[in-house]
Amino acid sequence: MEDHKRTTHCGALRAGDEGSRVTLNGWVHRNRDHGGVHFIDLRDRYGITQIVIGEDAPEAARTTAASLKFEYCVAVTGKVSKRLTPNPKVPTGEIEVLADSITVLSTCDVLPFMIDDKCDAKEDLRMKYRYLDLRSSSMQRKLELRHKTTFAVREYLNAQGFLEIETPTLIKSTPEGARDFVVPARLHPGKFFALPQSPQLFKQILMVGGCDKYYQIARCYRDEDARGDRQLEFTQIDMEMSFVSKDDIFSVTEGMMAHIFSSALGYELPVPFRRIPYHEALNRFGSDKPELRFDMELVSFDAFVPGCSFQVFKSVLDGGGTVKALVAKGCGEYSRKQISDLEEVAKTYGAKGLAWMKVTDDGLDGGVSKFFTDQPQDIIKSLNAAPGDLVLLVADQWQTACTAAGAVRLRLGKDLSLIQPGTFSFAWIIDFPLFEWNAEEEKWDPAHHMFTMPQKPYLSSLEEKPGEVLADMYDLVCNGYELASGSIRVHDPEIQKRIFSIVGFDPEEAKKRFGFLLEAFKYGPPPHGGIAPGLDRLVMIMAGEESIREVIAFPKNTNGISPMEDSPSVIDEAQLKELHLAVTAEKMEE
RNA sequence: GGGGGCGUGGCGAAGAUGGUUAUCGCGCCGGCCUGUCAAGCCGGAGACCGCGGGUUCAAGUCCCGUCGCUCCCGCCA
């Protein structure tokens with residue numbers, strides 16, 4: 001390589017470099033042979049530079065040039081020259097390199113797909129040949145954005161006095177929440193480590209250890225079904241602080257986000273972020289991770305039910321439910337088909353149906369309007385609707401009605417292009433309930449985790465009405481995604497005991513699973529709290545992508561498989577034996 | 001666990017109501033070409049239409065099953 005080492009890269013040369021002699025290393029991106037004169041677009045991470053092999057080039061260079069194919073890796077030496085016809089579309093478009101020597105560093109087989117920004121290969125093919133996919137400038141840009149983001153995180157938190165501390169990835173399995181990934185312990189037959197779902201317990205123990213400002217760019221593992229915004233393994237910007245209130249955590253997070261967006265994207269985020277109570281988020285937007293870049297808020301329709309003749313709505317209300325209305329501006333011409341598509345969306349989220357009526361100059365028309373003949377103008381006025389609008393109604397238990405209507409709202413927002421791309425709308429969701437009712441087991445479950453602090457006003461009466469207790473817990477949402485979740489933690493053993501007791505968590509069981517944390521809390525634990533923004537989702541949103549696979553170098557597909565190295569895979573008998581394992585699966589392929 | 005979409009040369013797609021040589025663009029191979037930059041022009045090769053079964057005189061097309069990818073619900077404290 002000594003002879004062919006690059007003196008500059010493919011995105012650097014400009015008109016001012018005319019006359020200088022350079023060596024470039026890169027890949028053959030395009031190859032245009034005109035018989036007499038031959039052009040090569042040479043590409044590396046930094047850009048593309050045009051190489052010219054003219055009639056007066058050395059014979060060896062001309063022969064080599066004629067043999068080049070896509071993605072050959074080559075070294076080129078020559079003189080920088082101004083182009084006769086500059087290409088304004090590329091930064092290096094004013095110059096070209098007149099090659100006098102071309103060396104093939106390695107050849108390349110016929111490609112499974114073209115390396116291009118607008119690569120149209122299907123995703124599993126891109127995954128299988130990820131190394132080729134990563135060569136495209138769009139993937140390079142996303143990896144760079146991710147790097148800039150983690151750099152900005154460290155830059156900001158370091159300046160705030162945080163310590164970056166690593167926590168173990170082989171830990172005790174505490175089967176709460178998601179399923180654990182498990183690792184057999186060879187030295188301890190029949191025993192297993194688990195991979196962390198998050199560094200939660202360790203970061204709290206770091207607080208007891210006096211590390212009052214901690215962060216970690218932490219890999220987390222959850223053995224659950226994947227989604228566009230969920231992977232088996234993902235990365236959190238894990239943070240925890242001692243002697244803080246919710247507001248301190250908010251302002252550190254806001255400052256960090258503002259710094260990330262400013263330095264990685266050049267986008268100035270307005271801070272502080274707005275705060276929306278959980279209950280209000282569901283009532284107005286039908287989601288605890290609302291998309292706030294358009295309005296079309298949900299409105300209560302309950303007031304019009306007693307005076308109507310629609311038995312379906314009446315019985316929902318009698319059963320303690322609610323009716324939510326949504327006004328789709330200008331959708332009065334929607335066809336039966338379009339409305340039934342929206343109904344399918346509502347049904348997906350558990351609604352039994354989607355009622356509708358159209359607003360006309362004369363009042364209400366079609367759908368369920370015949371049940372509301374007494375009060376059309378009141379309804380129109382109260383919903384702030386206008387002729388040409390479509391009113392959509394979901395009647396169900398509160399949570400179902402809200403989320404189903406919220407899903408329809410989101411669908412309409414997308415269909416009607418109400419969302420401005422390239423913009424970001426952040427908000428804190430606060431005042432989550434601490435407990436939620438588990439109807440199947442007829443008991444209270446922790447809504448978040450068992451170390452979440454109840455809000456102060458409820459401390460004296462936790463046991464009386466668990467369903468009404470609000471938690472010192474918060475989510476950060478952006479563009480309809482949950483970007484971060486956190487809470488102030490319980491550090492008082494007495495409160496902890498009461499919470500265990502309310503959710504029916506046996507003290508012996510607690511000791512077995514979290515004993516080490518509870519033990520630590522006997523030794524002067526500081527009040528503390530934290531938050532963990534998801535790095536993959538954050539970068540995905542900044543990149544304008546809809547899948548976190550686009551911002552992970554080597555992601556797994558939706559079935560939890562990596563098509564490139566074909567993992568997971570079977571292991572051989574000897575390995576199993578050494579681990580004291582026997583496989584009982586019915587299905588075992590090679 | 002459940003539902004929707006997709007599967008056609010190496011890649012991306014087209015193939016109404018079943019009908020005879022399965023089409024197009026890119027790529028690939030051969031040739032021509034002195035200024036292109038998504039180069040152009042001429043010629044060529046390449047497909048058991050995901051797999052298995054069925055209906056039919058006849059299936060890429062219809063039916064059943066199955067596998068894979070993808071989106072969503074459940075799940076993800």
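In the text below, chain A, chain B and the rest are named by the order of the sequence lines, each starting its count at 1.
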A.B. asks: Check whether the side chain of Thr558(A) and the base of rC71(B) form a donor-acceptor pair under 3.5 Å.
C.D. replies: no

A.B. asks: With distance as the sole criterion, do the side chain of Asp225(A) and the base of rG74(B) form a donor-acceptor contact below 3.5 Å?
C.D. replies: yes

A.B. asks: Could you tell me how far rC11(B) sits from rG27(B) if I compare only their P atoms? Round to whole Å.
C.D. replies: 15 Å

A.B. asks: Reckon Ala447(A) touches a base, only the sugar-phosphate, or nothing at all at heavy-atom distances under 4.0 Å?
C.D. replies: sugar-phosphate

A.B. asks: When we call it a touch if two heavy atoms are under 4.0 Å apart, what does Glu344(A) touch: a base, just sugar-phosphate, or nothing?
C.D. replies: nothing

A.B. asks: Which whole-number value in Å describes the distance from Arg43(A) CZ to rC37(B) P?
C.D. replies: 19 Å

A.B. asks: Quote, to the nearest angstrom, the C1' distance that separates rC63(B) from rC28(B).
C.D. replies: 39 Å

A.B. asks: In terms of side-chain heavy atoms of Phe39(A), which of rC33(B), rC76(B), rU36(B) is nearest?
C.D. replies: rU36(B)

A.B. asks: Taking the same atom, P, in rU8(B) and in rC69(B), what whole-Å distance lies between them?
C.D. replies: 15 Å

A.B. asks: Pick the C1' atom in rC37(B) and in rG50(B), then give their distance to the nearest Å.
C.D. replies: 39 Å

A.B. asks: Assess whether one donor atom and one acceptor atom, taken from the side chain of Glu96(A) and the base of rG35(B), lie less than 3.5 Å apart.
C.D. replies: yes

A.B. asks: In whole Å, measure the gap between the C1' atoms of rA59(B) and rC64(B) for me.
C.D. replies: 15 Å

A.B. asks: I'd like to know if Arg30(A) reaches the base of rC37(B) with its side chain such that a donor and an acceptor end up less than 3.5 angstrom apart.
C.D. replies: no

A.B. asks: Give the rounded distance in Å between these two atoms: CD of Gln50(A) and C1' of rU34(B).
C.D. replies: 13 Å

A.B. asks: Say you pick atom P in rC26(B) and the same atom in rA38(B); how far apart are they, in whole Å?
C.D. replies: 14 Å

A.B. asks: Of Lys142(A), Arg141(A), Arg537(A), which meets salt bridge (charged side-chain N to carboxylate O under 4.0 Å, His left out) against Glu545(A)?
C.D. replies: Lys142(A)

A.B. asks: Does a distance-only test, which skips hydrogens and angles, find a donor-acceptor pair under 3.5 Å between the side chain of Asp124(A) and the base of rC69(B)?
C.D. replies: no

A.B. asks: Rounded off to whole Å, could you give me the NE2-to-P distance for the His38(A) and rG40(B) pair?
C.D. replies: 15 Å

